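What you are looking at is a predicted structure, and each value in this text was computed from that prediction instead of being measured.
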Amino acid sequence: MDDPDLELIKARKMKKLQEQLAFRERQEQEKAKIRDKNNLELQNQINKQKSDELDSERKFLLHHMYDRGDEVLKLAEQQFPFQTKMIIKRLNELIRFGEISRISGGDLLSVYRSLGMKIRVDTHISISDHGKTISFSDKLRESTSSEQDAE
């Protein structure tokens, strides 16, 4: 009972509305892509600034370290990266306020241990024997082999 012309007009309007909706959706998707790209660029800039800031903080601290402090700091960064960033900032504050002037590797190790962080440091014991420096384990091997030979 419906008029065929009326159905044709409705179909044209429906098609036009669908095209408009699809066009709007494409525009929204493009805007979302642009927003995401801008957010990513902004996040990259922020990360670069933080990285540069951390590098400058680290260099400042390294300038005030002595006696294997750089080795301890490197090990600490490998084992406790997040905590080390915070400790670097705090130590730099103490240096800037004049609370401490220099920090040794042993002092830095003590700081970490007092905070409950056990930094694993490779240690080697060397012995000077008849003008030669040999490791403690080699010296023990020599002494046990010479004892066995004596028996």
Margin query: Looking at every non-hydrogen atom in both residues, tell me the closest pair between G105 and V72 and how far apart they are.
Written below: O-CG2, 3.6 Å
Note to self: Using a 6.0 Å distance limit plus a 45 degree cone around the ring axis, check whether R96 lies over the aromatic ring of F60.
What the structure shows: yes
Item checked: Ion pair R58/E77, N-O distance below 4.0 Å -> yes
Item checked: Donor-acceptor pair, side chain of D67 and main chain of S104, under 3.5 angstrom -> no
Notebook entry, point to check: Is the closest basic N to carboxylate O distance between K74 and E71 below 4.0 Å?
Noted result: no
Checklist line | Residue pair Q79 / R120: nearest heavy atoms and the distance that separates them | finding: OE1-N, 2.9 Å
Check: Quick one: CG on L40 to CG on N47, what's the gap to the nearest 0.5 Å?
Finding: 9.5 Å
Next item on the list: Hey, could you give me the CZ/NZ distance between F80 and K118, rounded to the nearest 0.5 Å?
Entry: 10.0 Å
Note to self: Determine whether a donor-acceptor pair (N or O, by modelled atom type, separation under 3.5 Å) exists between the side chain of T133 and the backbone of I127.
What the structure shows: no
Next item on the list: To the nearest 0.5 Å, tell me how far I88 CD1 sits from E93 CD.
Entry: 12.5 Å
Notebook entry, point to check: Would you say the side-chain atoms of S128 pair up with the backbone N or O of G131, donor to acceptor, closer than 3.5 Å?
Noted result: no
Next item on the list: Looking only at non-hydrogen atoms, find the nearest pair between Y66 and R102 and report the distance.
Entry: CB-NH2, 3.0 Å
Check: Looking at I119 and A76, what are the two nearest heavy atoms and their distance?
Finding: CD1-CB, 3.5 Å
Margin query: If hydrophobic clusters are built from ILVMFWY residues whose side chains come within less than 4.5 Å, do M86 and L62 share one?
Written below: no
Notebook entry, point to check: What closest approach, in Å, do I87 and L115 show between heavy atoms, and which atom pair accounts for it?
Noted result: CD1-CD1, 3.6 Å
Next item on the list: Decide, yes or no, whether a salt bridge links D36 with K33 under the criterion of side-chain N to carboxylate O below 4.0 Å.
Entry: no
Note to self: Distance check, rounded to the nearest 0.5 Å: S126 atom OG versus K139 atom NZ?
What the structure shows: 13.0 Å
Checklist line | Closest contact, heavy atoms only, E57 versus K89 | finding: OE1-CA, 4.2 Å
Notebook entry, point to check: Atom CD1 in I103, atom NE2 in H64: separation rounded to 0.5 Å?
Noted result: 11.5 Å
Notebook entry, point to check: Side chains of S110 and D107: is there a donor and an acceptor less than 3.5 Å apart?
Noted result: no
Checklist line | Greater than 12 external heavy atoms within 6.0 Å of L17's CG | finding: yes
